[in-house]
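The block underneath contains the structure these notes are about, expressed in structure tokens.
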Number of protein chains: 2
Amino acid sequence: MTANPIFRVVEGPASGRCEQCGIRKKAVCAYCSTPELVLLDAMKSYKDFAPGEEIAAAGEETTHVGTVVEGVVSLSKTMIDGRRQMVGLLFPSDFIGRPFRAIAPFDAVAVTHVRVCRFKRKSFESLCEESPNLEKRLLEMTLDELDASREWMLLLGRKSAREKLASFLAILARRAAGLADKPLANGVTVELALTREQMSEYLGLTIETVSRQFSQLKREGVIALKSAREVAILDFARLLDASGDESDGDALY
Amino acid sequence: MTANPIFRVVEGPASGRCEQCGIRKKAVCAYCSTPELVLLDAMKSYKDFAPGEEIAAAGEETTHVGTVVEGVVSLSKTMIDGRRQMVGLLFPSDFIGRPFRAIAPFDAVAVTHVRVCRFKRKSFESLCEESPNLEKRLLEMTLDELDASREWMLLLGRKSAREKLASFLAILARRAAGLADKPLANGVTVELALTREQMSEYLGLTIETVSRQFSQLKREGVIALKSAREVAILDFARLLDASGDESDGDALY
DNA sequence: CGCTCGGTTGAGTGAATTCAAGGGCTGTGG
DNA sequence: CCACAGCCCTTGAATTCACTCAACCGAGCG
């Protein structure tokens, strides 16, 4: 429904036919055949969200699932007293929503401007039954997410503040470096989509501690801050060292 | 292969035909039809593990996947300097192993005596392609695991030591109370399969802190310790209150 | 009997939090 | 154009919760 009232004037990279969708090779529809894509094309709709806008609320019924096409989405859970923990960060091509369950287990909030390629949950579930390709890809993606979230449990449960921030920056740097694997040149600049507060929610820290660790890494010459939200990785080896992870390459991301 | 050299003399509840397997209705094979079960029956083998025995090692190739039939298995990750975080605890009917990936992402260790109903990973993967019922159930289980692990991220990232232990005990109590949902009578006794050290690894604490929190809850009359490993829940309402979770019912477990 | 292992408890420390203040940037309105 | 408010971020000082270090207890076992 690109004809809806939309916040920004948009006709971004991805909102047309599935065939020419930029993230199709990585999204849940990656394994779909051309006829299957025609089906998806007929069922899908795009929806945009402004930064800070709620996409789904924990405990409430959700009617849609889909794929993040543009922007960054946070998944989080809040305790009654307000303490909040981010439990995931979704980037373009990531799947969003909970198939086979009416009630959303977590809050989903747009961090940046976000565009989602959506399906009605029920329709998507039926589609899964019929299309082994779709279901197979969803299973793969869910298994990967599970591995990643368990990896994050190690960070939350055992790493120091310094290690947490270094791990986070290392992941972003890898992602920024063309999503390629190993070759990570020093001097890469990473654009932070998150505020200090959002990072603190992701890392299980307070905003002040995050800020202090930024300052510390800067003081040591591991990173440089072009602005509060632009980080240059000056010494990737030392960043990895500070992250507490062994060597380099084997990360899941 | 129950004819293999096995550690204990065993012919426990579950090791025969799939049809009469006690956990079949909850395991990955739950949706399989009779002919499918015949296939599984032909491919499966049972393997037993002694307490403390390694079932899989992070970073190493694994050849099998399967279902925990008896006992408790821990999934964990260890940092180079020895810090360790448990990232999951597997009970009977839980799936164990990582389909579609040769290298195990985590250590799997038998906490108690364990029996696993195993399949060669490759064979299981092929079976998934052919049996939508199998794949569907695996997808469901993986989605549930993902939700649970994200729930655990909240515990690790935001909860106090007291809240962590109370949450853990509340989960065990619910599980012990017949896996039923709400009705939780006071006085239920929970048998702890884990040592204080294993609990500390699961909760992201030290062994001393776990012990202190046990003592504290005992002093307050929330629980009673019949022995170090047998906990009576004297006041479930106050336990829930101490867990930091809202009200009671909605937990994922 | 003496050892080890799992568990508890106490004392002191320290890393991250809380509380508090201030700086810089942006957008708005006088 | 400047003044001001609000937001995001940083930094300092004090506090606290969990950790480290250390001693001790009881049960099981060679």
Side-chain angles (χ1 to χ4, degrees), chain A residues 50-52 74 79 81-85 111-112 155-169 190-220 223-231 242-244, chain B residues 50-52 74 79 81-85 109 111-112 155-169 190-220 223-231 242 244:
Chain A
S74 74
M79 294 172 68
D81 63 5
R83 279 176 285 173
R84 190 175 304 158
Q85 178 63 48
V111 170
T112 62
L155 177 144
L156 291 175
R158 290 300 179 202
K159 290 191 177 176
S160 68
R162 176 187 175 79
E163 290 170 331
K164 284 177 174 182
L165 183 61
S167 300
F168 176 65
L169 292 177
V190 177
E191 177 96 26
L192 300 172
L194 279 56
T195 65
R196 295 287 185 272
E197 178 167 38
Q198 290 165 332
M199 286 185 244
S200 75
E201 289 174 5
Y202 198 29
L203 300 173
L205 297 169
T206 59
I207 179 173
E208 296 95 330
T209 300
V210 171
S211 186
R212 278 185 243 277
Q213 296 305 324
F214 263 112
S215 303
Q216 180 66 28
L217 289 172
K218 193 174 69 176
R219 225 173 296 130
E220 296 171 9
I223 62 171
L225 294 179
K226 308 177 95 167
S227 74
R229 308 282 275 274
E230 284 177 303
V231 186
S243 77
Chain B
S74 75
M79 294 173 67
D81 62 5
R83 278 175 286 174
R84 189 175 306 158
Q85 178 63 49
V109 179
V111 170
T112 62
L155 178 144
L156 292 175
R158 291 299 179 203
K159 289 191 178 177
S160 68
R162 176 186 176 80
E163 290 170 331
K164 285 177 174 183
L165 183 61
S167 301
F168 177 65
L169 292 178
V190 177
E191 176 97 25
L192 299 173
L194 279 55
T195 64
R196 296 288 185 270
E197 178 167 37
Q198 290 166 332
M199 286 185 244
S200 75
E201 289 173 5
Y202 197 30
L203 299 174
L205 298 169
T206 59
I207 179 174
E208 296 95 330
T209 300
V210 171
S211 187
R212 276 185 245 277
Q213 296 306 324
F214 263 110
S215 303
Q216 180 66 27
L217 289 173
K218 192 173 67 175
R219 225 172 296 132
E220 295 171 11
I223 61 171
L225 295 179
K226 308 177 97 166
S227 75
R229 307 281 277 273
E230 283 177 302
V231 186

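Residue numbers begin at 1 in each chain, while the letters A, B, ... track the order of the sequences. Everything quoted here is computed from the prediction, not taken from an experiment.
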Does any N or O in the side chain of [X] come within less than 3.5 Å of the main-chain N or O of [Y], such that one atom is a donor and the other an acceptor?
X	Y	answer
Ser211(B)	Glu208(B)	no
Arg83(B)	Arg158(A)	yes
Gln85(B)	Tyr202(B)	yes
Arg229(B)	Leu194(B)	yes

Gln216(A) and its side-chain hydrogen bond (donor to acceptor under 3.5 Å, both in side chains) partner, picked from Glu220(A), Lys218(A), Arg212(A)
Glu220(A)

Would you name the heavy atoms of [X] and [Y] that are closest together and state the gap between them?
X	Y	value
Gly244(B)	Glu163(B)	CA-OE2, 4.0 Å
Gln198(A)	Val111(A)	OE1-CG1, 3.9 Å
Leu217(B)	Arg162(B)	CD2-NH1, 3.8 Å

Arg196(A) atom CZ, neighbour heavy-atom count above 12 within 6.0 Å
yes

Polar atoms only, N or O, under 3.5 Å: list the protein pairs with nucleotides 27-30 of chain D and their distances.
none

Output for pair (Leu165(B) CG, Thr209(B) OG1), nearest 0.5 Å, gives 10.5 Å

Rounded to whole angstrom units, what separation is found between the [atom1] atom of [X] and the [atom2] atom of [N]?
X	N	atom1	atom2	value
Gln216(A)	dG12(D)	CD	C1'	15 Å
Leu165(A)	dA15(C)	CG	C1'	16 Å
Leu225(A)	dC8(D)	CG	P	17 Å

Under 3.5 Å, which N/O atoms of the protein pair with N/O atoms of nucleotides 13-19 of chain D?
| from | atom 1 | to | atom 2 | distance (Å) |
| --- | --- | --- | --- | --- |
| dA13(D) | N6 | Arg212(A) | NH2 | 3.3 |
| dA18(D) | OP1 | Ala161(B) | N | 2.7 |
| dC19(D) | OP2 | Thr206(B) | N | 3.3 |
| dC19(D) | OP2 | Thr206(B) | OG1 | 3.1 |
| dC19(D) | OP2 | Thr209(B) | OG1 | 2.4 |

Every protein N/O within reach of nucleotides 3-7 of chain C N/O, cut-off under 3.5 Å:
| from | atom 1 | to | atom 2 | distance (Å) |
| --- | --- | --- | --- | --- |
| dG7(C) | OP1 | Arg229(B) | NH1 | 3.3 |
| dG7(C) | OP2 | Arg196(B) | N | 2.8 |

